[in-house]
Undergrad: 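Shown below is the structure under consideration.
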Amino acid sequence: MLTINTIRENRDFVIERLKIKNFKDLSVIDTIIELDNNRRTAQKSADDAQAEMNILSKEIGRLFQTGKTAEANQAKDRTSVLKENIKEYNQKYEEVSTKLNQLLVQVPNLPHASVPVGKTPEDNVLVRGNDIKVNLPEGALPHWDLGTKYDFLDFDLGTKLTGAGFPVFKGKGAKLQRALINFFLDENEKAGYREILPPLMVNEDSGFGTGQLPDKEGQMYHCQIDNFYLIPTAEVPVTNIYRDVILDASELPCKNTAYTPCFRREAGSYGKDVRGLNRVHQFDKVEIVQIAHPDHSYAALEEMVNHVEGIVKKLELPYRIIKLCGGDMSFTSALTYDFEVYAAAQGRWLEVSSVSNFESYQANRLKLRFKEKGDKKTTLAHTLNGSSLALPRIVAALLENNQTPEGIRVPEILQSFTGFSMIN
RNA sequence: GGAGAGAUGCCGGAGUGGUCGAACGGGGCAGUCUCGAAAACUGUUGUCCUGCUACGCGGGACCGGGGGUUCGAAUCCCUUUCUCUCCGCCA
């Protein structure tokens with residue numbers, strides 16, 4: 001969330017920026033400032049009363065110790081009023097700050113100055129791409145039919161085992177997944193990312209830290225008995241490594257990568273857009289996460305985009321990089337680039353990566369700070385993450401684009417990982 | 001799942017209900033010594049909120065989390081989470 005000081009000190013600027021994100025309820029900003037004023041007043045009153053109480057208590061202690069019991073008891077009588085006041089002020093304080101926090105978490109991150117104005121995906125801006133042309137053979141099939149034809153991907157079996165949206169990979173299909181995961185992790189490691197294998201379930205604090213909770217609760221699978229959430233992305237556990245941490249500035253940037261399955265409930269989407277691997281409830285993804293110094297976070301973002309681009313290129317897929325407009329960006333992001341690859345048999349662009357700078361928005365929730373050498377003050381760090389990459393749609397595009405009458409060709413770069421060059 | 005023990009500052013580790021934000025040791029930082037370094041010695045050493053005639057001076061909070069008793073709680077009570085040991089079960 002935004003810090004209260006950002007809002008206090010830059011009221012007009014904040015409102016201007018929020019408009020770009022299509023945030024409607026702009027009046028909360030003034031409500032927040034007012035509540036914060038009330039909060040400060042209540043705290044001042046409570047603190048003053050408490051200070052008086054502390055002095056009085058010490059005095060009573062001294063009186064008892066010197067045997068002046070009568071005077072001590074007399075002094076005790078005076079505390080009851082103070083006690084009552086403190087309680088009252090504290091109640092007021094709690095009440096106001098609870099309300100304040102409820103509003104604060106509802107305010108999205110401010111978009112970066114370069115974010116295009118717009119409301120829908122149509123307003124996103126194409127940054128760059130390549131011009132690979134796919135020559136499909138006669139009677140080319142979408143990937144779900146290819147899966148059936150060559151018996152390496154089975155949606156019905158997944159439905160039997162669990163339910164819709166839980167595909168089963170078999171044989172070369174399963175090996176292809178493993179190959180992609182290893183390939184992605186190796187590429188990330190070469191770029192300086194440390195590999196992490198995190199828990200797939202997280203607690204409430206972690207869900208809050210990265211912004212999934214409280215609002216997007218319904219998007220995660222919830223294990224109610226233990227109050228754990230199945231992670232929707234490795235971003236959650238990996239970023240939360242740094243929750244409540246004060247880093248030394250010299251440790252920045254922290255670069256981590258993790259492969260994890262991801263679980264998403266994604267209620268409410270049906271139809272041809274979500275057929276096959278286009279949208280599933282469980283999928284594999286390799287994620288990269290950076291904790292960066294605020295002065296360098298946008299350089300880090302560029303670095304991440306270039307890195308992901310390098311991987312996509314090696315897979316010989318038609319791709320494009322898109323800068324999201326204010327209205328299409330996620331709640332927590334300040335600037336997001338999406339990667340899309342072209343799945344030729346479907347004739348559709350599929351999003352396979354989203355690389356974002358959250359600036360200090362997550363860090364504020366996480367209490368992730370750093371300290372310059374010799375400096376007493378702590379500063380919120382910047383967090384960034386991106387997929388490198390999400391498997392299902394990469395697989396969909398690979399399968400569809402590389403189909404031949406003899407079978408599906410495995411891209412050169414993957415063959416040493418798969419151990420085969422054709423799925424047939 | 002059953003029984004017990006514990007949770008204190010960067011780490012280790014004390015702490016009788018009343019100058020305890022917390023002894024002591026280690027580490028870190030600064031200084032003295034040195035051509036430099038080590039050793040030794042000296043000093044310093046958290047976080048958050050907040051007030052003001054602000055690179056300074058105050059106030060409040062924090063001893064796992066939450067609640068309670070008390071004029072006063074790290075210290076007593078309740079509750080919760082986590083860790084460790086033993087038993088059971090299990091990959």
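Nothing here was measured: the structure is a model prediction, and the numbers come from that model. Chain letters run A, B, ... following the sequence lines, proteins first and then strands; every chain starts at 1. Both backbone and side-chain heavy atoms feed into the values below; hydrogens, waters and symmetry mates do not.
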Undergrad: Would you please confirm or rule out a distance under 4.0 Å between OP1 or OP2 of B:C48 and any side-chain N or O of A:R369?
TA: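 So the side chain of A:R369 is within the cut-off, an N or O lying under 4.0 Å from OP1 or OP2 of B:C48.
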Undergrad: Considering only NZ, NE, NH1 and NH2 on the basic side and carboxylate oxygens on the acidic side, decide whether A:K119 and A:D328 come within less than 4.0 Å.
TA: no
Undergrad: Determine the interatomic distance between C1' on B:C11 and the same-named atom on B:U69; round to the nearest Å.
TA: 35 Å
Undergrad: Looking at A:D248 and A:K371, does any basic side-chain N land under 4.0 Å from a carboxylate oxygen?
TA: no
Undergrad: Could A:E84 and A:K87 be called an ion pair, given the rule that one side-chain N must be under 4.0 Å from one carboxylate O?
TA: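 So A:E84 does not pair with A:K87 through a salt bridge.
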Undergrad: Are A:R40 and B:C49 close enough that a side-chain N or O sits under 4.0 Å from OP1 or OP2?
TA: no
Undergrad: I'd like the P distance from B:C49 over to B:G43, given in whole Å.
TA: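 Per the computed distance, 32 Å lies between those P atoms.
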Undergrad: Taking atom P of B:G28 as reference, at what distance in whole Å does atom NZ of A:K371 sit?
TA: 17 Å
Undergrad: Does the side chain of A:F155 come within less than 4.5 Å of A:K160's, by heavy atoms?
TA: no
Undergrad: Provide, to the nearest angstrom, the distance between the CZ atom belonging to A:R243 and the C1' atom belonging to B:C48.
TA: 17 Å
Undergrad: Could you check, using the six-membered ring where one of them is a Trp, whether A:H293 and A:F370 have ring centers closer than 6.0 angstrom?
TA: yes
Undergrad: Would you tabulate the pairs of protein nitrogen or oxygen atoms and nucleotide nitrogen or oxygen atoms of nucleotides 69-75 of chain B closer than 3.5 angstrom?
TA:
from: B:C71; atom 1: O2'; to: A:S57; atom 2: OG; distance (Å): 3.0
from: B:G72; atom 1: O4'; to: A:S57; atom 2: OG; distance (Å): 3.4

Undergrad: In whole angstroms, how far is the P atom of B:G65 from the NZ atom of A:K367?
TA: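 Taking atom P of B:G65 as the reference, NZ of A:K367 is at 14 Å.
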Undergrad: Over how many whole Å does the gap from A:D244 atom CG to B:C48 atom C1' extend?
TA: 11 Å
Undergrad: What contact category does A:T378 fall into here, base, sugar-phosphate, or nothing, at under 4.0 angstrom with non-hydrogen atoms?
TA: sugar-phosphate
Undergrad: A:K285 and A:S388: side-chain donor and acceptor closer than 3.5 Å?
TA: no
Undergrad: Within the 3.5 Å criterion, strictly below it, is a donor on A:Q50 or A:N54 matched to an acceptor on the partner's side chain?
TA: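 There is such a pair between these side chains.
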Undergrad: What integer number of Å spans the C1' atoms of B:A61 and B:A74?
TA: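 It comes out at 14 Å once rounded to the nearest Å.
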Undergrad: For RNA chain B, produce a single dot-bracket line, 5' to 3'. Pairs: Watson-Crick or G-U wobble, both distances under 3.5 Å. Symbols: ( ) within strand, [ ] crossing, | other strand, . unpaired.
TA: ((((((((.[[[..)..(.....]]]((((((.......))))))(((((((...))))))).[[[[[..)....]]]]])))))))....
Undergrad: Only pairs at least two apart or in different chains count here, so list each salt bridge (charged side-chain N to carboxylate O under 4.0 Å, His left out) that has a residue in residues 190-204 of chain A.
TA: A:E187-A:K190
Undergrad: Is it the case that A:K255 places NZ or CZ above or below the six-membered ring of A:Y193, under 6.0 angstrom from the centre and within 45 degrees of the axis?
TA: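 Verdict for A:Y193: a cation-pi partner in A:K255.
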Undergrad: For nucleotides B:U47 and B:A22, find the distance between their C1' atoms and express it as a whole number of Å.
TA: 15 Å
Undergrad: Do A:D156 and A:T159 have a side chain donor and acceptor closer than 3.5 Å?
TA: no
Undergrad: Between A:R409 and A:Q403 (side chain of the first, backbone of the second, donor and acceptor by atom type, cut-off under 3.5 Å), is there such a pair?
TA: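 No, because the side chain of A:R409 does not come within donor-acceptor range (under 3.5 Å) of the backbone of A:Q403.
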Undergrad: Parallel, tilted or perpendicular: which one describes the rings of A:F152 and A:Y150, with boundaries at 30° and 60°?
TA: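 Rings of A:F152 and A:Y150: parallel, as their planes differ by under 30°.
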Undergrad: Whole angstrom is fine here: how far is it from CG in A:N364 over to C1' in B:C48?
TA: 13 Å
Undergrad: For A:I4 and B:U50, give me the distance from atom CD1 to atom C1', rounded to whole Å.
TA: 14 Å
Undergrad: Just to be sure I understand the geometry, which residues of residues 87-97 of chain A put a non-hydrogen atom under 4.0 Å away from RNA chain B?
TA: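 The stretch gives none, as no residue of it lies under 4.0 Å from the strand.
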Undergrad: Is the A:Y361 ring parallel, tilted or perpendicular to the A:F331 ring (thresholds 30°, 60°)?
TA: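 It falls in the perpendicular class, over 60°.
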Undergrad: Just how far, in rounded Å, is C1' of B:C49 from CZ of A:R8?
TA: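 Between C1' of B:C49 and CZ of A:R8: 13 Å.
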Undergrad: For nucleotides 66-68 of chain B, list the nitrogen or oxygen atoms of the protein found under 3.5 Å from its nitrogen or oxygen atoms, one pair per line.
TA:
none

Undergrad: For the residue pair A:H281 and A:Y221, categorise the inter-ring angle as parallel (less than 30°), tilted (30 to 60°) or perpendicular (more than 60°).
TA: perpendicular
Undergrad: Regarding A:Y242 and A:N256, do their side chains bring together a donor and an acceptor under 3.5 Å, going by distance alone?
TA: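 Checked: A:Y242/A:N256 side chains pair up, N/O donor to acceptor below 3.5 Å.
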Undergrad: Do A:K172 and A:F420 meet the cation-pi criteria used here (NZ or CZ under 6.0 Å from the six-membered ring centre, within 45° of the axis)?
TA: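 That pair qualifies as a cation-pi contact.
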Undergrad: When you check every protein heavy atom under 4.0 Å of nucleotides 53-61 of chain B, what one-letter string (B, S, -) results, 5' to 3'?
TA: ------BSS
Undergrad: Measure the shortest side-chain to side-chain distance between A:L230 and A:R264 over non-hydrogen atoms and say whether it is less than 4.5 angstrom.
TA: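 SC-SC contact between A:L230 and A:R264 ruled out.
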Undergrad: Are A:D145 and A:K149 close enough for a salt bridge, meaning some N to O gap below 4.0 Å?
TA: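 Answer for the salt bridge query: no.
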Undergrad: Rounded to whole Å, please give me the gap between CD in A:E204 and P in B:U80.
TA: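 Interatomic distance, CD of A:E204 to P of B:U80: 17 Å.
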Undergrad: Sticking with atom P, work out how far B:C35 lies from B:C29, rounded to a whole angstrom.
TA: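 That atom pair is separated by 23 Å.
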Undergrad: What integer number of Å spans the C1' atoms of B:G2 and B:C78?
TA: 23 Å
Undergrad: Roughly how far apart, to the nearest Å, are B:G28 and B:U50 at atom C1'?
TA: 30 Å
Undergrad: With rounding to the closest Å, how many angstrom separate the C1' atoms on B:C20 and B:G1?
TA: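 Taking atom C1' in both B:C20 and B:G1, they lie 42 Å apart.
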